[in-house]
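This report concerns only the one structure given below.
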Amino acid sequence: MPQELQLQVLPEVAASAELLTQYVAKLTHNSISDIKHITILKRSIDARQRSVKINLKVQIFYADEDVIHREIHFPNYKNVKDAAPVIVVGAGPAGYFAALQLIELGAKPIVLERGKDVRGRRRDLKAINRDHIVNPDSNYCFGEGGAGTYSDGKLYTRSKKRGDVNRILELLVAFGATQDILVEAHPHIGTNKLPKIMEDMRHKIVEFGGEVRFENKVTDFIIKGNEVHGVIVNNDITIESKKVILATGHSARDIFELLDKKQVLIEAKPFALGVRAEHPQTLIDSIQYSCDYRGDFLPPAPYSIVKQVNGRGMYSFCMCPGGVIAPCATAPGEVVTNGWSPSKRDQATANSGIVVELKLEDFKPFQKFGALAGMEFQKAIEQKAFHLAGETQRVPAQRMVDFSQSKISESIPQTSYVPGTTSVELGQVFPGFLTQIMRQGFQDFGKSMKGYFTNEAILHAPESRTSSPVRIPRDEISLEHLQIKGLYPCAEGAGYAGGIISAAIDGEKCAIKCVESMF
């Protein structure tokens, strides 16, 4: 039987098969020739001490043993061309994993996506970056793959109680992700690799009889007697089904407005909002690894930090080592920031959302909007930022120390945010209570991470799409909407997920419940 061991080794040992074999041989009192193969099962970084170590869980195969390699296979998909149809609204991770699960269970998914396929999206992303033109249906949030495809592809989740994380990771490997995502403690695919994976998922859906329709925007729901009977697409095309999985993402404001207008039950939901902070990656490396140069064997350092300030949580969100800040507006007249990293995380800067938790009481100035109060609060900040920065896709920006001192920055260096920045006192962007918390919070961050609180760090505003400002309530067991039979609110847009993995898991769960009710 192969032997499993937990090891803690130097980075250069973890990076070299030869050095790792030598280390294991010495540890296990074997000769190097006795060890046929070492499989790394799990890998994480321990940077708590001045000397950074790599934690490894390994499987050792000795000379007289057959090496067993982990094999990844697709599930037993069925041809569902003539099966009962289920409408899936949204082609993000929730929508695609729901579609694949439906096929596995014998139902036919009809995936409706308002945006374009991954290749078609690129021209619209270029337009927002270079020409400041926002296409409301094709941008960093809308289109094949959803918000995650062109904004990083992090696969780490704390939602392990929600479902089978390994199943989702293995499916992603089957569709082309490297097996490293099965090993790393904080797996990451990278924005440069995700589009091909999403494209291959679509091909698999179509191969087995499902449908994926782009530039098909759901503009109405057909509801009769508190039961869904289908949807209207692009204002004139009717698609009938008594099962609709709603997986539209956290920025589909028109869907929230449509549900509210039709008096379909929705609720305001707290979320978090703040700025995106960019530091030189070398500075974050020096803080996290306690060294002047991280060397060739350590990856660009991430960070995670949280503080309580005036009774509110202020924390890092979607931290992108070696990454860039992207323009993520979904409508003209607003600016929104997010971050992403390529697979190698080889850009010169690190960025992270630094956000403050909001409460329902914060939305009182917008209470006339009812369940949409949080969305209107969010929208007002994005529109104010747009106005203050010059009414293009430039964003308001300020050096970190200057912000904490209420001082307009005399200059803003070029940052990774391609559309550009405008020097603004960010206190003008946010309500007073949020500004006060962030000013104090950045100073508190600096006390925990020596060197973090610096004018080398540039704050970009706002980071406002952390999660949905609306929850679409559903039954805990059936996952159907509490009011509308056959409607399955799903994943981030409905308030039940917070990232690629949790969205994929929720998509599968909704598909399973949907099919259970059909047969």
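FYI, the numbering just counts along the sequence from 1. As a basis for the values below, the full set of heavy atoms in this structure was taken, side chains included, without hydrogen atoms, waters or symmetry mates.
From Trp340, atom CH2 reaches atom OG of Ser416 across 9.0 Å, with rounding to the nearest 0.5 Å. Within the model, atoms CG of Asp200 and CG of Leu172 stand 11.5 Å from one another, a figure rounded to the nearest 0.5 Å. Leu487 CG to Leu265 CG: the interatomic distance, rounded to the nearest 0.5 Å, is 11.0 Å. Between the NZ atom of Lys42 and the CG atom of Leu182 there is a distance of 7.0 Å, given to the nearest 0.5 Å. If you take CD on Glu170 and CD1 on Ile181, they are separated by 9.0 Å, rounding to the nearest 0.5 Å. Taken to the nearest 0.5 Å, the CD atom of Gln281 stands 8.0 Å off from the OG1 atom of Thr349.
One finds a salt bridge joining Lys262 and Asp220 here, because a Lys/Arg side-chain nitrogen approaches an Asp/Glu carboxylate oxygen to under 4.0 Å. Between Glu425 and Lys407 there is no salt bridge, since none of the side-chain N atoms of the basic residue sits less than 4.0 Å from a carboxylate O of the acidic one. Ion pairing between a basic and an acidic side chain is recognised when a charged N comes within 4.0 Å of a carboxylate O; Arg119 and Glu199 show such pairing.
Heavy-atom minimum distance, Arg312 versus Asp362: NH1-OD2, 2.7 Å. Smallest separation of non-hydrogen atoms from Leu479 and Tyr488: O-CD2, 3.5 Å. Closest approach of Glu456 and Pro280 over heavy atoms only: OE1-CG, 3.7 Å. In terms of heavy atoms, Leu426 sits closest to Pro396 at CD2-CB, 3.6 Å. Considering all non-hydrogen atoms of both residues, Pro11 and Val52 come closest at CD-O, 3.4 Å. Residues Ser304 and Ser316 share a closest heavy-atom pair of CA-OG, 3.3 Å.
In this structure, Ile354 and Met438 have side chains that are not in contact, with every pair of non-hydrogen atoms separated by 4.5 Å or more. For the pair Ile500 and Pro93, the minimum side-chain heavy-atom distance is below 4.5 Å. Side chains of Val309 and Phe442 form no contact here, defined as non-hydrogen atoms less than 4.5 Å apart. Contact annotation: the side chain of Gln383 approaches that of Lys379 to within less than 4.5 Å [non-hydrogen atoms, C-beta and beyond]. Between Ser464 and Glu334, every side-chain heavy-atom pair lies at or beyond the 4.5 Å cut-off. Side-chain contact between Ile128 and Tyr140: present, with at least one pair of heavy atoms (C-beta onward) separated by less than 4.5 Å. Counting heavy atoms from C-beta on, the side chains of Gln8 and Asp46 come closer than 4.5 Å. Contact annotation: the side chain of Ile54 approaches that of Leu298 to within less than 4.5 Å [non-hydrogen atoms, C-beta and beyond].
Asn216 places no side-chain N or O within donor-acceptor distance of the main-chain N or O of Val233, the cut-off being under 3.5 Å. Counting only distance, with no hydrogens or angles, the side chain of Asp285 and the backbone of Arg294 share no donor-acceptor pair below 3.5 Å. Formation of a donor-acceptor pair under 3.5 Å by the Asn351 side chain with backbone atoms of Glu278 is not found in this model. A distance-only check finds no donor-acceptor pair linking the side chain of Lys384 to the backbone of Phe430 [under 3.5 Å]. Looking at Glu144, its side chain does come within 3.5 Å of a backbone N or O of Val118 through a donor-acceptor pair. A distance-only check finds a donor-acceptor pair linking the side chain of Glu357 to the backbone of Gly313 [under 3.5 Å]. Judged by distance alone, with hydrogens and angles left aside, the side-chain atoms of Ser286 form a donor-acceptor pair with the main-chain N or O of Leu283 at under 3.5 Å. Side-chain atoms of Gln443 come within 3.5 Å of backbone atoms of Arg439 as a donor-acceptor pair (strictly under, hydrogens ignored). Under the 3.5 Å distance criterion, the side-chain polar atoms of Ser44 are left unmatched by any main-chain donor or acceptor of Ala185. Judged by distance alone, with hydrogens and angles left aside, the side-chain atoms of Glu113 form a donor-acceptor pair with the main-chain N or O of Ala91 at under 3.5 Å.
A donor atom on one side chain and an acceptor atom on the other are not found under 3.5 Å apart for Asp124 and Asn139. Under the 3.5 Å distance criterion, with hydrogens and angles disregarded, no donor-acceptor pair is assigned to the side chains of Gln398 and Ser423. Side-chain contact check for Ser251 and Arg465: at least one donor-acceptor pair (N or O, by modelled atom type) lies under 3.5 Å. For the residue pair Asp292 and Tyr289, no side-chain donor N or O sits within less than 3.5 Å of a side-chain acceptor on the partner. Arg394 and Thr422 form a side-chain donor-acceptor contact under 3.5 Å, judged by distance and modelled atom types alone.
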TODO: Could you check His188 against Glu184 for side-chain hydrogen bond (donor to acceptor under 3.5 Å, both in side chains), going step by step and ending with a plain yes or no?
DONE: CA-CA 8 Å; His188 167 260; Glu184 300 293 345; over 6 Å; no
Open item on the list: Between Cys510 and Gln101, is the side chain to side chain contact (heavy atoms under 4.5 Å, CB included) condition met? List the steps.
Closed with: CA-CA 9 Å; Cys510 286; Gln101 183 71 82; over 6 Å; no
- [ ] Could you go through the side chain to side chain contact (heavy atoms under 4.5 Å, CB included) check for Phe453 and Val401 one step at a time?
- [x] CA-CA 7 Å; Phe453 184 61; Val401 176; 4.0 Å; yes
Task: Residues Phe377, Phe363; criterion ring pair (Phe, Tyr, Trp, His ring centres under 6.0 Å); working and verdict - done: CA-CA 6 Å; Phe377 174 96; Phe363 308 148; 5.3 Å; yes
Task: Residue pair Phe214, Leu112: steps toward the side chain to side chain contact (heavy atoms under 4.5 Å, CB included) verdict - done: CA-CA 6 Å; Phe214 296 109; Leu112 306 176; over 6 Å; no
Open item on the list: Please evaluate residues Arg253 and Glu382 with respect to the criterion salt bridge (charged side-chain N to carboxylate O under 4.0 Å, His left out), reporting the C-alpha separation (whole Å), side-chain torsions for both, the decisive distance (0.1 Å), and the verdict.
Closed with: CA-CA 14 Å; Arg253 290 171 172 168; Glu382 294 168 0; 2.9 Å; yes
- [ ] Output, in order, the C-alpha distance, side-chain angles, deciding distance and verdict of salt bridge (charged side-chain N to carboxylate O under 4.0 Å, His left out) for Asp131 and Lys126.
- [x] CA-CA 8 Å; Asp131 304 319; Lys126 183 177 180 180; over 6 Å; no
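Around the CD atom of Gln49, the shell of radius 6.0 Å holds no more than 12 heavy atoms that belong to other residues, nucleotides or ligands. Heavy-atom neighbours of Lys359 NZ from other residues, nucleotides or ligands within 6.0 Å: above the threshold of 12. Enclosure of atom NZ in Lys193 is not indicated, since only 12 or fewer non-hydrogen atoms of other residues, nucleotides or ligands lie within 6.0 angstrom. In Asn166, the CG atom is crowded: over 12 heavy atoms of neighbouring residues, nucleotides or ligands sit closer than 6.0 Å.
Here the options are Leu273, Asn338, Val336, the test is side-chain contact (heavy atoms from CB on, under 4.5 Å), and the partner is Glu463; only Asn338 passes.
A cation-pi geometry, defined here as NZ or CZ lying under 6.0 Å from the six-membered ring centre and within 45° of its normal, holds between Arg114 and Phe142. Note that Arg202 lies outside the cation-pi zone of Tyr96, set by a 6.0 Å cut-off to the ring centre and a 45° limit from the axis. Both tests pass for Arg474 against the ring of Tyr496: distance under 6.0 Å to the centre and angle within 45° of the axis.
Here Glu12 pairs with Leu10, Phe297 under the side chain to side chain contact (heavy atoms under 4.5 Å, CB included) rule; sequence neighbours left out.
The distance between the ring centers of Tyr452 and His279 falls below 6.0 angstrom.
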